[in-house]
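Scroll down for the structure; my scribbles are underneath it.
First the proteins, then the strands, lettered A, B, ... as listed; each starts at 1.
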Amino acid sequence: MFRQILYTQWKWSGLGIVAAALASFVLPILTVQGAGTSDPTWIDARALLPALEYWSRAYPALALAIGLLGGTMAWTNDHRGRHVYALTLPLPRWHYVLLRYGAGLALLLVPVLLLWAGAMLAGRMATIPPGLHAYPHALALRFGLAVLLAYSIFFAVSSGTTRTAGYVIGVVAGLMVLQVLILLSGSETRLVAPIFDRLVTLPGPFEIFGGRWMLIDV
Amino acid sequence: MSNAIETKNLHRRMGKTFEIRELSLSVPTGSIYGFLGPNGSGKTTTIRLMLGLLRHTGGSCMVLGRPIPGDAPRVLARTGYVPERPHLYTTFTIGEAMRYHAAFYATWDGRRAEELARRFGLDQTQRLSRLSKGETGKLMMLLALAQSPDLLVLDEPTDGLDPVVRREVLSALLDYVSQRDATVFISSHLVHELERICDWVGVMDYGRLVAEMPMQTFKNGIKRLRVTEAPSLVSDTPFVLLARETGDGLSGGEVWVVRGWQDPMKQYFEGVGARLREVVDLDLEEGFVELLRTFRAPGA
């Protein structure tokens, strides 16, 4: 049963997963290349860290994108058939949801593992200045948790009806529009930024996406 | 006789204007039950309630001896369902659809599936998105039958199919039923099709069950009578008078459409001073139309 569900999910999102896996593998390598750590003459940690930090923004973005891909693709075909096929299968609804969730998670392990492999390879390729260290395991673990969180959220949102997804998108879009209107009126009131800060700083639920995603750090 | 499906006072409101009301129907085990009704009468909603796809807000529903929706997964494991609109994943090939479906049913009969695929001329490498309406209909019937179900619930399974494909699909269904003592619940508005295969019939209209009886009773009981010299007011008829109309110009008299007719009832006309000229059998479609006409008449 799980194998068949996994197969369907692979069929629907395989291309995206392969692309995400490649991006995940390449990103740490690009990080060290882009920061110039492969250059043996580069030893100034003070100059290296900002360059690495610049690249670190790409990790949470990639984790979000992978979560979005996995979460939405898990349900696309069921939505098309108005879930009739899924509902007529002889298993409780929670069981079917768990199978779909598990299958998506299993597929998303591929980019996470490849990021881990890429990070280890990049760590070895890099010339690390004294006082700095490579953290490929921590980075991969953080990336994995971020993917898990993003996937779970998008999976839950897209499992609902189009109306539910519409409400979620509507609230977010409404806040954005309100913020723009407030700024246009000349007021300094910040509406979105404090909410965003609350969400991405401890104890916010999306704290994992904020902060520094450093492959090489002190 | 036990019932494969039994609903009592089932109720469900759909939107603002339509509701299934006080629906009590009984489908005897082993029967082929034709579920008739015009488009929009509530046939599909009733089926969805019976399979637990929708939750009823009143009454009760038992299918294969188990309560719905509480025990829906167990019931669905023994039920082959062909929905009104194709529900399968169109990205699949036929072979993939068969393997996917098989994974969920312990009773899946792979040999029967292969046999039906050959019989229906289905190429297992063909993608579902490229199938014709007829091929999709055949595939859905194949999947339902290969599950080896005790109950088949078919929602307009031959709607839109050409007569050749329709015959192929129904013949496979009848072969299956003859091999296993399965119950078939088949909804359709193609009355002639049901007339050939069903032994029970239920008629829906406006979310209510208008009639439910053995097919033979339904067919034999509804007659068109040509009557002359009938009194303007009739009462205490031994049959149900569904309609009374002026006859055509040639023969004169009146045409009565009655339900529950039996030959000894001819004597009634002598008693009221009328003359019964002719008794005409109505086929299922005519009976169905007359039944709905009476049901929809003001004050019905």
### Message
Other residues, nucleotides and ligands only: do more than 12 of their heavy atoms fall within 6.0 Å of CZ on Arg85(B)?
### Response
no
### Summary
d(Leu89(A) CG, Tyr105(B) OH) to nearest 0.5 Å is 5.0 Å
### Message
Is it the case that over 12 heavy atoms from other parts of the model lie below 6.0 angstrom from the CZ atom of Arg13(B)?
### Response
yes
### Query
With only heavy atoms counted, which part of Arg48(B) is less than 4.5 Å from chain A, the side chain, the backbone, both or neither?
side chain
### Query
Should we say atom CH2 of Trp116(A) is surrounded by more than 12 heavy atoms from elsewhere, each under 6.0 Å from it?
no
### Message
Any heavy-atom pair between the side chains of Asn77(A) and Thr91(B) that's under 4.5 Å?
### Response
yes
### Query
Are there more than 12 heavy atoms of other residues, nucleotides or ligands under 6.0 Å from atom CD1 of Ile195(A)?
yes
### Interface residues of residues 169-184 of chain A facing chain B - heavy atom cut-off under 4.5 Å
none
### Query
Near Phe196(A) CZ, under 6.0 Å, is it more than 12 heavy atoms from other residues, nucleotides or ligands?
no
### Aromatic contact, Tyr85(A) with Phe104(B) (centres under 6.0 Å)
no
### Task
Can you tell me which residue pairs pass the salt bridge (charged side-chain N to carboxylate O under 4.0 Å, His left out) test with a partner in residues 115-127 of chain B, sequence neighbours excluded?
Arg119(B)-Asp175(B)
### Task
Evaluate the side-chain proximity of Phe92(B) to Lys11(A): yes if any heavy-atom separation is below 4.5 Å, no if none is.
yes
### Query
For Arg93(A), is it the side chain, the backbone, both, or neither that has a heavy atom closer than 4.5 Å to a heavy atom of chain B?
side chain
### Message
Minimum heavy-atom separation for Pro90(A) and Pro73(B), please, with both atom names.
### Response
CB-O, 3.4 Å
### Message
Are more than 12 heavy atoms, taken from residues, nucleotides or ligands other than Arg166(B), located less than 6.0 Å from that residue's CZ atom?
### Response
yes
### Task
With sequence neighbours excluded, give me every salt bridge (charged side-chain N to carboxylate O under 4.0 Å, His left out) pair touching residues 19-31 of chain A.
none
### Within 6.0 angstrom of Tyr167(A) OH, more than 12 heavy atoms from elsewhere
no
### Toward chain A: residues of residues 50-66 of chain B with heavy atoms under 4.5 Å
Gly52(B), Leu53(B), Arg55(B)
### Query
Glu96(B) versus Tyr7(A): any side-chain heavy-atom pair under 4.5 Å?
yes
